[in-house]
Amino acid sequence: MAIIDLVINRRLSLAALPPDWPGNNYWWHWLFFTIVLIAFVLVMVMGAIYIERRAMGRMQSRLGPNRTGPFGLLQPVADAVKVMLKENIVPDNADKIVHWLAPVIAFAPVLMIFAVVPFQNGALLADLNIGILYIVAISSISTVGVFMAGWSSGNKYSLLGAMRNVAAVVSYEIPLVLSIVGVVLVAGSMSLNTIVLKQDIPFILLQPLGFLIFFAAACAEINRSPFDLMEADSEIVAGFHTEYSGMKFAMFYLVEYAEAIAMSAIITTIFLGGWRGPLLPPWLWFIVKTFIVFFVMVWTRTTLPRVRIDQLMALAWKFLFPLALINLFVTAVQVLVWPDALPWTAVYINIAIMIILIFLWSRFFKLGWGRVEI
Amino acid sequence: MTTTQEMTLNTEPFVVNIGPVHPSTHGVFRMRCKLDGEVVIDIEPVFGYLHRGIEKLAEERTYTGFIPLTDRLDYISPMSNNLGYCLAVEKLAGIKVPERAEYIRVIMAELQRLANHCVAVGSMLNDAGAYFTPFMYTFRERERIIDLFDMVCGQRLTYNYMRIGGVSQDIPAEFLPALEKVVKRLTKFLKEYERLLKQNEILLARAKGVGILSKELAINCGISGPVARASGIKWDLRKADPYSIYDRFEFDIPTGENGDCYDRYRVRIEEMTQSLRIIEQASKQIPGGPIKADLPHIIYPPAGEVYAHIEAPKGELGFYIVSDNSIAPYRCHVRPTSLINLAALRQMVKGWKIADLILIFGSIDITMGEVDR
Amino acid sequence: MKFERYGIGILKGMTVTIRHLFRHPTVNQYPEQRLNVSRRLRGNELIWNRERCTGCATCAKACPQGAIELVTATNLKDNKYDVTTYRVDTGYCIQCGLCVEACPYNALFMGYSYERAKYRRGDVVQTNDELLESAERPASGYYHPEIAEKLPRQTLLVERITEKRKRK
Amino acid sequence: MTVALSSREIASQLSSKFPGAIEAAGNDSVLVKSDSLVQVAAYLKDTDGLKFAYLNYITAVDYYSYFEVVYQLTSLEHNRSVILKTRCYGRDNPSVPSVTSLWQGADFQEREIYDLFGIKFEGHPNLKRIFLWDGFPGYPLRKDWNQ
C-alpha cells in the first residue's frame, strides 16, 4: 500500500509542477484508452483475418472458413487458440534472445500507430501536431523486428526474407513520405485530426497520383501482395518467420494484419476523409472505410502475381519516386495559386496530370534489368 | 594506396538447399543452389527422394500387371502413361486394337493433356506468386475432367484404364453427353482465364524473357513437349510420328518464339485449345464395336525389343521393352520426360534471381514420380 | 517491368476475380453434403462371393501386388475345390481392379464404399467372411455393368453447377 | 511418320567411314564398337543428310554375358530415327565412353545407368549415383542383383 501511496503522491507532486503538464486524471484516461485501443486493434485484426479468408475464398470459388461459429465468424479465435497451444520451437543455431525479442519489437510500433488515428472528431489518443511524422517514424520500426527475426533464426531463407524487407522498406519509405507531403501541403497541417477536418473534397480526388503512390508504397511496406517478397511462400518458404512457431508466430501473424489495418486506417484518414460521411455515425464510417481499403488489398492479393526483387526496387526508384516528386511540385504550385482551399478545378487538373504522367512513365521507363551475367 | 580488391566489400556465395521439402518444388525435387545475394550462380539438381525402382518392378510383373504401376510414373497424367505402355506392348506383340478403343484412347489422352496442362499452368502461376487464384481456377476445371475419368474407370488419380489391345471397359452411356458439356465449359473457361492473366503486366514482367531456352540447347538436351515447342521446335509426335489414330484429326502445333517462361505458358494454353478441337472431332466420329482385342489375360509377346513413344502432356514419353517370350518384360525402360526436360535447367537459371529460378522450374512442369521412377 | 498497357491487364484480371465473389462456389461441404460417386468406383475393399468362387486363383495371379492369398482343399465328394482361406491384404492392394477383370466366374467385385479406414494395421488384412458383401460393403459396378445400372447416377460437377443456375 | 532408317544402309555408310567400328547391323539397330562410339555418334549428329541431332534416350540392358547400351537418335530435320547399340563386357568394371560431350541431355541418363547398372561412362564430368545413395550395395537393375 505504501508503494501505491507513494506513486499517487508522486503523481500529485508532479502535477503541481509545470502548467502544461498533464493533470492527475490524465494517466487514468491514458491507460484506459490504451487498453481500449489495443482491444480495438485486436478485434479489427480478427475482422480483417475473417474478411480476408472469406473474400479470398469466394474469389477463388471456395467457401473459406465456415465451420467455427455462425458463418465461421469464430475462425480467428480458433486460429488464435490453436496457435497459442502450439509448441514453441527455437532452432539450435538461433540467437535466442534476439529471436525472442523480434516479435515484440515488430508488434509494439503497429499498436502505437493507432494512437494518432482519429476515430471521430477529436476522438484520438494523442492529437499530436506532428501526427504524420510520428506515423512515418513509428511504422518503419517494425522492420527492425523483422530483420532481427530474420537474422536470429539462423536460417538462410529467413535472412533472405529479412534482407528483402529492409531493402523494400528503405526504398518505399521515400515515395511514401513524398506522397504524404503533398497531402500535408494541401491540408496545411500535420495533425491527422486537422487533415480530416480539411477534407471537404476527399484528398483522393485532390491528390489522385499521391493516393496511388501511397497505396503502392504502403502495400510494399506492409508486404502485401503483389509486393509480399519478404514472405514469398513459393520462393523462400515463409521468409523471416520460417523458424517461428506458437505464440511468437502468432505475433508476426498479428503484426501482418495489424499493419494492414493500420495502413488502411491511415489511407482512410488522409485520403478518404476519415470519419466524415453522411447518415452513419462517424466511428462506423471510419471502420467501414478502413475495411473497404483493406478489401482492395485483399483483392489485389488474390489477383496479382508477385514482382521480383529488382523490379520492386526499380518500381520504387524509377517509377514512384519521380512521380512523387512531380506530384509534390505540382501540389506546391497549386497551393500557391489557391492559398485558401483547393477548388474543384484542381481535381480535374490533378486527374489529368495523373493520367498524363502514368502514360509517359509507362512509355519511357523500363523497370528491372533481369539477368546478371556470371 | 588501396587496390580495388581491398576497397570492395568481400563477399562470398552461400549455398541454399531448395527442397526436398519446399512449397514449390512440385514434390521432392531438391536443388543445391549457390547464391550471390539473390542471384543464382549455380545449381545442382539432386534426385532420388521418390525412387521406387519401377523399372525393376516391371521385370517382376506380368505385362498387364505393370499397367497399374505406370499410373504412378507421372501421376498427373496416368492415362498418357497407360497409353504409352500399351502401345509399346502392342507394337511388340503385333496386336491390332479395335477402332472404338482407339477413339476412346484418343479422347482420354487428350482429356489427360487438358488436365495436365491445367495443373502445369496453375502451379506455374502459383510459383510466380499469384496467391492460389489461378491455381484454384485450373484445379476446378481439372476436377470436371477427373469426373469423366472417374465415370469410366472408377478412380480419380490412378486410372489404370487402358489395357493391352484396347481399354478395360466401354464408356458408359452418359459419358458422351457429359463430355460435350465439359468441352463447352472448358472452352468458356479458357477465355476467362486468358482475361485473368494473359495481359497482366506483372506476369509479363516476371515471365517474358526469363529463363530463355534456345532452340539449339533444347535439341541438344533432348527436351521435348511444350517446353521444346515454346523454344520454336515444331516437333509433335502426334504429327511427326502419328501413333494410334492421330493422323485422322485436324489440329495445329502451337509454337513459341523466344523460349521463355511466358512462351511455355502460352504454348500450354494453346495446346489446351487444340486438345479440345481433337476431342470434339473424336467424339463425333466415334464408332461402335468391340473395345478390346481378344487376348488372354496373360500374354507372351515374341522375343525382341521395341521402343514406342507418345506425345504425353509433358513431352515424349517412351517405353523401351525387351521381351524374352516370357510373361514379364525382360527389361522395361521408361524414357522419363521430366528427367530429360530438366537437363537444361542449369543453363536456364544461371544469373537469374531466386524468384525466377522457382518460376523457370515451375514452367518446365515436371512430376517427381517420373523423374525418380 | 514495363507498363506497356498502363495497367489495363491488371484491371482486367481484377474484374475476373471480383466476378467470382458473386458466383456460387464450386466446393461442397463433405461430411454433410455428399455427391454420388462413380458407379464404377474402385472403392476401399474387395467383395468376394463365396458361392461363385471355384478357387481357381486367377485373381491371385492377376494381382500385381500379390495381395490375394488363396488356400483350397480338394472336396472329393462334390468333385471340386473348397476355398478354405481367401485372404486379401488391403494394405498392399492398390485398387487396380485387375483381379475383378480376371475373375472368370464373376465372384469378385470392387467395393463401393469409401470410408473404410481402419485404426489398426491388423484390421487391413481381411479373411473369408469379412470379405462378403453386406449392407455397409456394397459391391461396385466396376466391370459389372449389371450392378452399375442399379447404382445411383454419378453427380457430375459440370451438371451440378448448371442445375443450380437453372433453379435460380 | 518417323521412319526408322534402314540400319544396313547406315551401317554400310558408317563402316566405309569408320572401318572396323561397326560390329553388326541388325534389322533396326546398328551395333558399334564401344571404342569408336563417340566418333560414330558425332558423325551421325553433324553430317549433312543425317543430322541425328536429337538423342531420345539412353538405356542399358543386362544380358548376363554383356551389357548393351542403347542410344536412340532422331533427326528432327528429316524425321528419321536410328538405334545405336554398344556392348561392354565383364561384370566388375564395365565401361563405355560418355556422349555428354555431344549431347548434354545424356548427362542424367548416363548417371542413371551408372547408378542402376554400374556401367562407367568414361569422360562423364560428374559421374555420381543419381537416385540411390552413395554406398548402396550393388546395382539394382542388374539381373543378378539380390536384395
Side-chain angles (χ1 to χ4, degrees), chain A residues 51-52 54-67 71-72 212 215-216 219 225-227 292 295-320 323 354-370, chain C residues 1-44 113-120 136 152-168:
Chain A
I51 284 180
E52 164 145 317
R54 281 295 277 206
M56 201 180 240
R58 288 303 294 270
M59 283 188 206
Q60 294 173 347
S61 80
R62 303 183 277 124
L63 277 172
N66 62 344
R67 288 308 174 104
F71 308 108
L212 282 183
F215 190 80
C219 279
S225 190
F227 308 112
I292 287 173
F295 177 77
V296 174
M297 284 183 183
V298 172
W299 185 14
T300 51
R301 185 180 181 199
T302 321
T303 316
L304 300 180
R306 191 181 299 124
V307 299
R308 207 166 53 203
I309 181 75
D310 54 323
Q311 291 164 348
L312 181 83
M313 291 293 121
L315 185 71
W317 291 106
K318 292 191 194 165
F319 202 98
L320 299 183
L323 284 189
M354 175 186 78
I355 291 169
I356 291 167
L357 280 179
I358 288 182
F359 180 80
L360 286 179
W361 248 258
S362 307
R363 266 269 165 282
F364 297 125
F365 282 80
K366 192 177 185 318
L367 307 177
W369 52 90
Chain C
M1 190 176 187
K2 196 169 179 185
F3 282 91
E4 281 148 345
R5 303 178 58 85
Y6 327 111
I8 290 167
I10 290 177
L11 291 178
K12 263 189 179 177
M14 305 236 325
T15 55
V16 174
T17 39
I18 200 77
R19 251 183 248 160
H20 274 83
L21 195 63
F22 307 107
R23 282 190 202 165
H24 197 272
T26 19
V27 291
N28 60 299
Q29 301 280 297
Y30 162 57
E32 292 96 37
Q33 211 181 345
R34 281 157 193 266
L35 308 181
N36 292 336
V37 290
S38 163
R39 289 165 165 179
R40 293 177 178 179
L41 180 77
R42 285 189 258 148
N44 284 29
S113 50
Y114 52 88
E115 285 173 325
R116 305 283 296 162
K118 301 284 189 297
Y119 287 96
R120 285 185 182 76
E136 26 174 68
R153 200 165 169 276
Q154 182 190 354
T155 330
L156 291 173
L157 216 52
V158 195
E159 290 171 358
R160 201 167 141 254
I161 300 300
T162 47
E163 273 165 21
K164 222 165 215 139
R165 270 210 202 111
K166 263 179 215 157
R167 227 182 290 145
K168 276 176 189 174

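Residue numbers start from 1 in every chain, and the chains themselves are labelled A, B, ... in the order their sequence lines are given, proteins ahead of strands. This one's a predicted model, so the numbers in the text were calculated from it and none came from an experiment.
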A:Leu63 versus chain C, the contacting section by heavy-atom distance below 4.5 Å: both
Donor-acceptor side-chain pairing of A:Thr302 and C:Thr17 below 3.5 angstrom: no
Minimum-distance pair of heavy atoms, taken over all atoms of C:Gln29 and A:Asn66: OE1-ND2, 3.1 Å
Heavy atoms from other residues, nucleotides or ligands near CZ of A:Phe71 exceed 12 (cutoff 6.0 Å): no
Contact leader toward chain C among A:Met56, A:Arg62, A:Met59, A:Gln60, where contacts are heavy-atom pairs under 4.5 Å: A:Met59
